[in-house]
Amino acid sequence: MLATMGIAGRVLAALAALAFTLSSGCAKSPTAGAGIPVEPGAATGATSVAADAIYLGGDIVTINDAQPTVEALAVKDGKILAVGTRADVEKAHKGASTRIVNLAGKTLLPAFIDGHSHYFNSLLVANQCKLYAPPSGPAKDVDSIIAALRQFSADRKIPKGELIVGYGYDDTVMPGGRLLNRDDLDQAFPDNPVLINHVSMHGVVLNSLAMKKYGYSAKTETPPGGVIVRKPGTSEPYGLIMETAYLPVLNQAEPMTREQEIEWTRAGQMLYAEAGITTAHEGATHFAQLEAIKRATDAGANIIDVVAMPFITDLEKAVAAFPVSTWGTYDKRLKIGGVKITIDGSPQGRTALFTQPYLTGGPGGEKDWRGELTFPKDMVNQMVKTVYDMGVPLYLHANGDGAIDAFFKAHEFAAADDLTRDRDVTMIHAQFTRKDQIPLYAKYRIRPSYYTLHTYYFAEAHIKNRGRQQAMYISPMRDSIDAGLHPTNHTDFVVAPLDQMFMLWSAVNRVSRAGEAIGADQRVTPLEGLKAMTLWGAEQYGEEASKGSLEPGKLADLVVLDANPLKVSPQDIKGIKVLETIKEGRTIYSAK
Ligand SMILES: [Zn+2]
């Protein structure tokens, strides 16, 4: 209890301080590169300018409705110089030194724009044991988790006493409800602290040495908004420690060395580049992480654009270090893109807030459990108002329909002067949106960023926890697009792997692990699915003038795929491979 009062007190103090010190600045994010008006069908751009490169000989999917496909694309100085017929583009822009890139039947698209993930975690997972459930990883049960951890610690020769970390643990797929506990980890690793991150990234399972390291014991009370699973019949922490109860672990994360920051930045960004992504999202940036990202940025480590969202609890520090006037503009490929507020947990962790109880009770065995807001309602209202008053974009995590209601109430509180003005708000996940909530997104101009991968990864858990009807309607992309919204789609990496074609496949097919259709009426077309990871992603960051489609004047951020997602059969989309990723005309990843 005391711990949470501490958090709440700090947040309130910070918000109060901000209210005094902030003048509102930085409205819509400025963008690099201005779009040049395009004459549909014509090869556009200045004539007789020699291009650095001309791409031709394959499908070129522009994601521009005015000119959906072209035969050739010319690049100069990192920007798209022209698109059009091969004859026109070559005639106008083929010079003596122009490189002609023959796509040889492959497909060129705008590079992918990450709607939401946890970029900073990409720096860390290179040094953690992957514990995703099949098919994404080895962790099908407790024994296979322990086996993977043993192998990992042997391969890396981790000495006694050193922390062993795993990621991707999914309690919902453990057979027979036999969950990973402290004793399992103690038995295998009596001499090392072990920390296993839950797949939601909202909690951990610790062994006894790790409990000691982070300060958990039988005396630790469960804070409001938190979960500590206890050993049956005792008050000993035993399994998952979630949400606010897990903040002590977050707050004691060990800093990287300066060399590691740079080395791991490159390794982490290559994971994005391999996935065809040239704009990455850092979805909830704590201040120490922001400082590390900034140091690596200043050292020139960035190969892709990174948009970071300082977390609301660290806003005061973030604003002191990064004045609001600098937000929304890239500096050496880093941009502060808005503020992140999280108001509930995850549906698979049964910590998302719903208006109706979970069918399976709470994660700690609670009866009549609906989940909870992460922060008290009045504080949520105040937080949203603080961000609106700053005039910067808001990224708000809400999963359950109860949390989504709470956000709409907070919007009505914070935006009372003009409820329908575009305030650059993205709701992250918005998974259990009710049908009757869709018109409010449109009315209040809230962009949902959906998470259609749950139709595959977590559908069975959602059916069990929430019932079929609600589970079938998760991430209602079809209804949202039909209501005029431009939703984005995301992996929430490291919660799900960075696999943009698998994500697209999930939005288009909506099929569970068990092969069951999950809300077939919410399927989208492959083109809509692509927009949700390109053009609409650019809109989400206020960068549609420079990114998201292949139009003259925009950045030459490109991806080459081995097949055209608009032409293969929908169920084959997941097999499409990224062959090359190009950031501003320069190849940053090549499968060869
Ligand atoms: Zn997330």
Side-chain angles (χ1 to χ4, degrees), residues 112-125 128 132 136 167-170 172 197-204 225 242-244 246-247 249-250 253 268 271-272 275 277 279-286 289-290 293 306-314 337-353 371 373-375 393-400 403-404 407 425-433 447-454 456-458 462 474-475 487-500 503 506 532-533 537 540-541:
F112 303 137
I113 295 177
D114 171 22
H116 169 80
S117 72
H118 296 274
Y119 160 73
F120 195 77
N121 288 95
S122 75
L123 279 60
L124 307 173
V125 297
Q128 299 179 1
Y132 289 129
S136 311
Y167 73 100
Y169 167 58
D170 183 359
T172 67
N197 283 298
H198 187 252
V199 67
S200 68
M201 292 306 291
H202 289 224
V204 288
M242 303 279 290
E243 309 302 338
T244 53
Y246 141 81
L247 290 173
V249 176
L250 273 188
L271 296 177
Y272 284 86
I277 296 168
T279 303
H281 177 113
E282 167 33 56
T285 321
H286 292 269
Q289 300 172 335
L290 193 56
I293 292 170
V306 175
V307 189
M309 320 302 167
F311 197 63
I312 185 76
T313 52
D314 285 8
V339 177
K340 177 66 175 292
I341 302 176
T342 295
I343 67 168
D344 73 344
S346 77
Q348 69 275 24
R350 284 175 285 167
T351 49
L353 172 63
L373 282 178
T374 309
F375 302 101
L394 168 64
Y395 289 81
L396 182 122
H397 164 126
N399 259 319
I404 295 166
F407 169 69
V425 181
T426 303
M427 190 183 287
I428 297 296
H429 307 319
Q431 288 196 85
F432 282 85
T433 293
R447 180 191 309 275
S449 181
Y450 285 126
Y451 196 175
T452 60
L453 282 166
H454 271 238
Y456 177 79
Y457 285 113
F458 301 109
H462 296 331
I474 54 171
S475 288
T488 59
N489 199 4
H490 63 251
T491 60
D492 202 22
F493 178 74
V494 299
V495 178
L498 274 179
D499 184 340
Q500 306 304 293
M503 181 180 84
S506 72
M533 52 204 270
Q540 181 178 295
Y541 301 123

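Indexing begins at 1, ligand by ligand and atom by atom, following the structure's order.
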Which atoms of the protein, restricted to N, O or S, are nearer than 2.8 Å to the Zn ion (ligand 1)?
-> His116 NE2, His118 NE2, Asp492 OD1
Can you name the residues that form a side-chain hydrogen bond (donor to acceptor under 3.5 Å, both in side chains) with His118, not counting sequence neighbours?
-> His116, Asp492
Would His462 and Phe432 satisfy ring-ring contact (aromatic ring centres under 6.0 Å, His included), going step by step from the backbone distance to the final call?
-> CA-CA 10 Å; His462 296 331; Phe432 282 85; 5.2 Å; yes
ring-ring contact (aromatic ring centres under 6.0 Å, His included) assessment of Tyr169 paired with Tyr132 = CA-CA 6 Å; Tyr169 167 58; Tyr132 289 129; over 10 Å; no
Minimum heavy-atom separation for Thr452 to Ser475, with atom names?
-> N-OG, 3.9 Å
Okay, side chain of Ser506, backbone of Tyr456: is any donor-acceptor separation there less than 3.5 Å?
-> no
Say whether, by atom type as modelled, one donor and one acceptor occur between the side chain of His281 and the main chain of Tyr119 under 3.5 angstrom.
-> no
